[in-house]
Amino acid sequence: MKRLIVANWKMNPQSPKDAERIFGGIRRTAVKLKKIETVICPPFVYLSLVGIVGNRVSDKRLSFSLGAQDLFWENPPAGKGSYTGEISAEMLKRFAVKYVIVGHSERRRHLGETNEIINRKIKTALKAGLRVIFCVGEKERNPNEDYLRFVKEEVIAGLKGIQRKFLGKLIVAYEPIWAIGKKGSAADAPEDILQMVLYIRRILLLVTDKDSARVMPILYGGSVVPKNAESFLRNAGIQGLLIGHESLIPKDFNEILRIAEKIKTK
Ligand code: PGA
């Protein structure tokens with residue numbers, strides 16, 4: 001399987017012109033890579049801009065895909081209805097969106113998304129045929145190991161009742177909240193991420209099946225920069241990265257892509 005490098009642009013950039021520039025800058029490198037699938041997740045308002053361009057260049061090697069940062073949890077018939085401000089899975093698909101991020105800690109915190117809402121969103125997205133990047137991660141790494149219980153609860157509640165046939169479209173992103181947005185200065189240590197990845201696989205055993213728990217891709221996110229990316233990809237037992245800040249700087253992001261391309265997949 002290809003390694004996944006996901007760009008989470010969050011509420012950036014400010015202008016369509018910048019979005020086009022960043023997108024173009026990344027795409028040029030991304031389409032040339034063989035071992036990586038690059039996924040760009042722009043704000044909804046830029047999806048048409050990058051979606052149409054992305055569609056035109058969508059290449060057979062599947063090295064480049066579009067993702068969304070959220071979706072609505074209800075799936076009304078034909079993907080439309082009276083839900084002011086919301087975007088349906090069906091609408092996303094019309095823009096060639098293949099992936100959707102669900103459960104990001106910033107949405108849990110600022111928008112009050114609960115495990116139950118996240119579970120509904122995951123089910124809706126999977127049913128519509130989207131691939132889900134399901135984010136989990138603790139607020140702090142407290143010494144009494146409460147954080148393990150916290151992540152366990154997020155995984156179990158988020159994946160409650162997911163039909164087996166959809167498990168192949170599920171990706172888990174481990175993003176410790178304390179490591180997000182620190183631009184490299186506070187990223188987790190690869191050996192600690194590895195422990196967490198193994199732990200998440202054990203939890204997945206409780207809510208999925210043996211094969212899925214073994215092979216489901218797990219990404220790491222939180223202050224990934226070119227300097228630490230190689231060590232994560234080599235030593236943390238992960239299948240890819242979810243990148244915020246650095247995904248808005250094509251030069252740095254492309255460097256991470258090139259680093260990922262040269263590391264052998266296990
Ligand atoms: P960061 O964000 O790379 O800026 O830490 C990661 C994320 O929140 O997905």
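Quantities reported herein were computed from a predicted structural model and do not represent experimental measurements. Both counts, for ligands and for their atoms, begin at 1 and track the order of listing.
- Applying the side-chain hydrogen bond (donor to acceptor under 3.5 Å, both in side chains) definition to pairs two or more places apart or across chains, those involving residues 72-87 are Glu74-Arg120.
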For ligand 1, run through the N/O pairs with the protein that fall under 3.5 Å and put one pair on each line.
{"from": "ligand 1", "atom 1": "2 (O)", "to": "Lys10", "atom 2": "NZ", "distance (Å)": "3.2"}
{"from": "ligand 1", "atom 1": "3 (O)", "to": "Gly244", "atom 2": "N", "distance (Å)": "2.8"}
{"from": "ligand 1", "atom 1": "4 (O)", "to": "His245", "atom 2": "N", "distance (Å)": "2.9"}
{"from": "ligand 1", "atom 1": "4 (O)", "to": "His245", "atom 2": "ND1", "distance (Å)": "2.7"}
{"from": "ligand 1", "atom 1": "5 (O)", "to": "Gly181", "atom 2": "N", "distance (Å)": "2.6"}
{"from": "ligand 1", "atom 1": "5 (O)", "to": "Ser223", "atom 2": "N", "distance (Å)": "2.7"}
{"from": "ligand 1", "atom 1": "8 (O)", "to": "Lys10", "atom 2": "NZ", "distance (Å)": "2.7"}
{"from": "ligand 1", "atom 1": "8 (O)", "to": "His104", "atom 2": "NE2", "distance (Å)": "2.8"}
{"from": "ligand 1", "atom 1": "9 (O)", "to": "Asn8", "atom 2": "ND2", "distance (Å)": "3.4"}
{"from": "ligand 1", "atom 1": "9 (O)", "to": "His104", "atom 2": "NE2", "distance (Å)": "3.2"}
{"from": "ligand 1", "atom 1": "9 (O)", "to": "Glu175", "atom 2": "OE1", "distance (Å)": "3.2"}
{"from": "ligand 1", "atom 1": "9 (O)", "to": "Glu175", "atom 2": "OE2", "distance (Å)": "2.7"}

Intermediate values then yes/no, ring pair (Phe, Tyr, Trp, His ring centres under 6.0 Å), Phe95 and Phe44: CA-CA 10 Å; Phe95 283 100; Phe44 289 133; 9.8 Å; no

Full working for side chain to side chain contact (heavy atoms under 4.5 Å, CB included) between Val132 and Ile171: CA-CA 6 Å; Val132 171; Ile171 295 123; over 6 Å; no

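- The backbone N or O of Pro250 sits less than 3.5 Å from a side-chain atom of Asn254, completing a donor-acceptor pair.
- Although no hydrogens or angles enter the test, the distance criterion places no donor-acceptor pair under 3.5 Å between the side chain of Lys98 and the main chain of Phe64.
- Between Tyr147 and Tyr199, the ring centre distance reaches or exceeds 6.0 Å.
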